[in-house]
Amino acid sequence: IYQIWLQLLWLGPASQAQQGTQPQSIKIEGDITLGGLFPVHARGPAGIPCGEIKREKGIHRLEALLYALDQINNDPDLLPNITLGARILDTCSRDTYALEQSLTFVQALIQKDNSDVRCSNGEPPIIPKPERVVGVIGASGSSVSIMVANVLRLFAIPQISYASTAPELSDNSRYEFFSRVVPPDSYQAQAMLDIVKAMGWNYVSTLASEGNYGESGVDAFIQISREAGGLCIAQSIKIPREPRPGEFDKIVKRLMETSNARGVIIFANEDDIKRVLQAAKRANLTGHFLFVGSDSWGAKSSPIEDQEEVAEGAVTILPKRASIDGFDEYFTSRSLENNRRNIWFAEFWEDDFKCKLTRPGIKYDPDRRKCTGEERISQDSQYEQEGKVQFVIDAVYAMAHALHSMHMDLCPGSMGVCEKMDPVEGRMLLQYIRSVNFNGSAGTAVMFNENGDAPGRYDIFQYQMSNVSNPGYRVIGQWTNHLRLNLEDMQWSGGEQKVPDSVCSFPCESGERKKMVKGVPCCWHCELCDGYQFVLDEFTCDMCPFDMRPLKNRTGCRPTPIIKLEWSSPWAIIPVFLAILGILATTGVISTFVRFNDTPIVRASGRELSYVLLTGIFLIYLITFLMIAEPSVVVCAFRRLLLGLGMCISYSAMLTKTNRIYRIFEQGKKSVTPPKFISPTSQLLITFILISVQLLGVFVWFGVEPPHTTIDYEEQKPPNPEFARGILKCDMSDLSLILCLSYSILLMITCTVYAIKSRGVPETFNEAKPIGFTMYTTCIIWLAFVPIFFGTAQSTEKMFIQTTTLTVSMSLSATVSLGMLYIPKVYVIIFHPEQNVQKRKRSFKAVVQAATVSTRLSQKSSDKQNGESKGEPSRSQ
């Protein structure tokens, strides 16, 4: 490869000389010569290397080098007795053309064999020694610097750029002789990422001009954002070098495919920036896109000319700089007479003053006025110092300080360049360049790191139009290894102060979790944590513990309220009212019976069993209060004991009565001997035996599972957790409650059977038929109770309904017993005492005979009626 380069370098200048196309350049004589590369002209159209002159990026920067040389050569303390010269070339903003031009810098380093060359007189020719360039200032564009750096590296010529910021140039293994006084785009990308994050954005698109600068800048931004996390790239779009018609409209349309990504990170040249703004304006998207521009946009007015509304709010960055007053004085004093060393100055003069000079080989244009030469810069034309002037001056001074330090070390006390510096050894000069540290033209330190990069220092601008007297770029912050951004100074489209959003997904509302979009960490869907879930973290919903429900905002859980059946509840008022009436009535009956204990009616009703039966009825009414009372261990124990006991006592007494009546009349049909166990004592004994079965079951239950309270959180747990309640209750399930009542129901059914069997007993005999009616009605009540009780098992108010149903059913059954069996007796005792008299006593035999005769007479009467009804038709015949 090295030999190929040598052939290229050998043939290149020679062939150009033969064709008469020796490149134009500026030559400044000096003891040590520096090279200079500047984009004096723009890229030319197809087939033509150079286009129109570039006033700011070309002439301003070139003149900055000349100004710096003048300052250094006039400085007695910097390189004393040594004059710096220069060879300045035009790159025409094209990397391939710049490569051809830069061959000039390395001609002196090529060893040419002239042994075979002789003059006409046979003498060897006298060949002037070519100038030797010790270092190069430039280039401007990164792609140009990369191309030139590859050549200069082969010949160990140090290079200091004033504008190239591509991160690729920080690779010291490939571009070891390259340094720059501007920070690389990796710093710029970091600064832009910090700006994006400071504004709360997490979803942006990138836009890059095709080429090293744009693509490297975007790649650095994407790489840094990926490492930092928290930022997603919606789209990364490249602008072609030669865009076709409609290309920028397509780019804007693509950007709108991810319309939430309003932030657009743009690394592009001025022309591409302007055409993007124009396309956005055509698409009626003024104010939609929020541009964050690199230093190629900076604080320039040309990219936003006539597109100010679209550019409003754009945030741009520029390496921290200052306007050099000395350069302004120098440049504005330049004229055609005093600046003949700049061979392109006449062309600049024509373009700057919009006039025409008469020059050899240039056809006169009658449409343009003739230049007088008396025009003055900034008086007869607009002038503003170009942004990179400071860095051009710093680059020249960095080279000068390195040469000065080298001279002090190699040539101590020597006036001028000594032998050790003739020639200047490039690798040694590079070490001195990397070691410089001085205050530059703007008063900031100029230094290089191990990769030849300058420290990152940026000013942050925003283009503002609204609520400002003078629309333009306003400094809103700075970046020097960390960001300082004044958000309160920022203004957006329409003068809005609030920073617009550029996010893929907005934060989820309280009580919602993020469901991430696969492959896009900044995008998610918000899903509500419903039911009894709460937000465990931003990505997870979790169920609250069984005894808790979520907070209203679902950020946590809170205890579920505990309720019980209150005395003031409508579900309690009705049963309590019925129970109080029943207790009063029962108490009245018992009091009446006690007072008239020895009267015939009381004695005839079976005093002993009546008191037992009334005690059972009283307990049935009393259980209502226990069922409604606040559950506790004592209350739960009495519930178990009394719930079935009252009914058991009542129906045991009634069963004993009906069984006694049935046995008496069944026995009377067979003999006149009375059956056994019909005395009051026997009846009481039978009744208590039946009751003891219930008591035994209850006490066994106590032993197996002691009574206790529990809180049921499932019964009242509707879909809406706001209505969830825990119910304080006794540990009695529906099944255990039915089992508790099952023995009493069995007694009730058995009693009903005996009542049916005893229905033939004469109406005047004891209580057989009232007991029968009582049992029929009671059965109907309990048959109605079962569907109501179990049919409400799924209701949210199950406990209240079932408690009310149970207590009302029990009170009604007790009321039926009380009303059928005892109210008529009390009525006679109180209101018709004349009927409460002793009747003639009869023996068991007489009673049975009377009952038997009565039954037979009833049957005969029935048969006679049936016979008459059969005989009537025959009479009519």
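Residues take their numbers from the sequence shown, with the count starting at 1.
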*asked:* Counting C-beta onward and ignoring hydrogens, is there a side-chain heavy-atom pair between Tyr397 and Val181 closer than 4.5 Å?
replied: no
*Classify the angle between the aromatic ring planes of Phe353 and Trp349 as parallel (below 30°), tilted (30 to 60°) or perpendicular (above 60°).*
tilted
*Indicate whether any N or O donor in one side chain lies under 3.5 Å from an N or O acceptor in the other, for Glu168 and Tyr175.*
yes
_side chain to side chain contact (heavy atoms under 4.5 Å, CB included) between Gln390 and Phe327, intermediate numbers included_ = CA-CA 9 Å; Gln390 168 199 339; Phe327 177 79; over 6 Å; no
*Does Thr206 offer a backbone N or O that forms a donor-acceptor pair with the side chain of Ser236 under 3.5 Å?*
no
*Tell me, yes or no, whether the heavy-atom count around Glu52 atom CD, taken from other residues, nucleotides or ligands under 6.0 Å, exceeds 12.*
no
_Heavy-atom side-chain contact between Leu336 and Phe345 under 4.5 Å_ = yes
_On a heavy-atom basis, which atom in Asn202 and which in Gly230 lie closest, and how many Å separate them?_
CB-O, 3.4 Å
*Around Glu384, counting heavy atoms of other residues, nucleotides and ligands shown, do more than 12 lie under 6.0 Å from its CD?*
no
*Mark yes or no for whether Ser142, through its side chain, and Thr165, through its backbone, hold a donor-acceptor pair below 3.5 Å.*
yes
_Donor + acceptor pair across side chains of Asp219, Gln223 (<3.5 Å)_ = no
*Inspect the surroundings of NZ in Lys253 and state if more than 12 heavy atoms from other residues, nucleotides or ligands are less than 6.0 Å away.*
no
*Indicate yes or no for a side-chain donor-acceptor contact from Asn451 to the backbone of Asp453 under 3.5 Å, with no hydrogens or angles considered.*
no
*State whether a side-chain donor-acceptor pair under 3.5 Å links Glu270 with Ser302.*
yes
*Option among Lys300, Arg61, Lys57 that satisfies the salt bridge (Lys or Arg N to Asp or Glu O under 4.0 Å) test with Glu386*: Arg61
*Do Ser493 and Glu496 have side-chain N/O donor and acceptor atoms under 3.5 Å apart?*
no
_side chain to side chain donor-acceptor pair (under 3.5 Å) evaluation trace for Glu63 with Asn342_ = CA-CA 8 Å; Glu63 288 291 342; Asn342 186 344; 2.7 Å; yes
_Expected output: side-chain Thr316 to main-chain Ser294 donor-acceptor under 3.5 Å_ = no
*Centroid-to-centroid, Tyr383 to His60, below 6.0 Å?*
yes
*Does a sphere of radius 6.0 Å around CD in Glu227 hold more than 12 heavy atoms from other residues, nucleotides or ligands, not counting ones at 6.0 Å or beyond?*
yes
*So, for Gln24 and Gln101, which heavy atoms are closest and what is the spacing to 0.1 Å?*
O-NE2, 4.1 Å
*Are side-chain N/O atoms of Gln307 and Lys274 paired as donor and acceptor at under 3.5 Å?*
no
*asked:* Would Leu483 and Ile195 count as a side chain to side chain contact (heavy atoms under 4.5 Å, CB included) here? Give the steps.
replied: CA-CA 7 Å; Leu483 178 67; Ile195 292 169; 4.0 Å; yes
*Of all the heavy-atom pairs spanning Met147 and Leu99, show the shortest one and how long it is.*
CG-CB, 3.7 Å
*asked:* If you compare the SG positions of Cys523 and Cys232, is the separation below 2.5 angstrom?
replied: no
*Atom CG of Asn284: over 12 foreign heavy atoms under 6.0 Å*: no
*Judged by atom type as modelled, is there a donor-acceptor pair below 3.5 Å linking the side chain of Asp501 to the main-chain atoms of Val503?*
no
*May I ask you to check whether Trp344 and Phe348 place their ring centres under 6.0 Å from each other?*
no
*asked:* So Ser140 and Tyr162, do their side chains get closer than 4.5 Å, heavy atoms only?
replied: yes
*Compare all side-chain heavy atoms of Val446 with those of Asn439 and state whether any distance is below 4.5 angstrom.*
no
*asked:* Quiz question: by atom type and distance under 3.5 Å, do the side chains of Ser441 and Arg321 form a donor-acceptor pair?
replied: no
*Nearest non-hydrogen partners of Pro500 and Trp201, listed with the distance*: O-NE1, 2.8 Å
_Are Arg513 and Gln533 packed together at the side-chain level, in the sense that at least one heavy-atom pair is separated by less than 4.5 angstrom?_
no
*Side-chain contact test, heavy atoms from C-beta onward, threshold under 4.5 Å: evaluate it for Gln188 versus Trp479 and give yes or no.*
no
*To the nearest 0.5 Å, how far apart are CZ in Phe331 and CD1 in Ile324?*
15.0 Å
*Taking the side chain as every heavy atom from C-beta outward, state whether Ser205 and Ile237 have any atom pair closer than 4.5 Å.*
no
_Can you tell me how the ring of Phe461 sits relative to the ring of Tyr473, calling it parallel under 30°, perpendicular over 60° and tilted otherwise?_
perpendicular
*Is there a side-chain contact between Ile239 and Val276 (heavy atoms, below 4.5 Å)?*
yes
*asked:* For Lys514, is there an ion pair with Glu538 - N to carboxylate O distance below 4.0 angstrom?
replied: yes
*Exam field: side chain Asn260 to backbone Cys504, donor-acceptor pair closer than 3.5 Å*: yes
_Glu509 atom CD, neighbour heavy-atom count above 12 within 6.0 Å_ = no
_Taking the basic N atoms (NZ, or NE/NH1/NH2) and the acidic carboxylate oxygens, is any pair closer than 4.0 Å for Asp272 and Arg275?_
yes
*For the side chain of Arg254 and the backbone of Gln235, is there at least one donor-acceptor N/O pair under 3.5 Å apart?*
no
*Between the main-chain N or O of Phe178 and the side-chain N or O of Gln159, is there a donor-acceptor pair closer than 3.5 Å?*
no
*Glu488, CD atom: more than 12 neighbouring heavy atoms under 6.0 Å*: yes
*Does any N or O in the side chain of Ser333 come within less than 3.5 Å of the main-chain N or O of Tyr330, such that one atom is a donor and the other an acceptor?*
yes
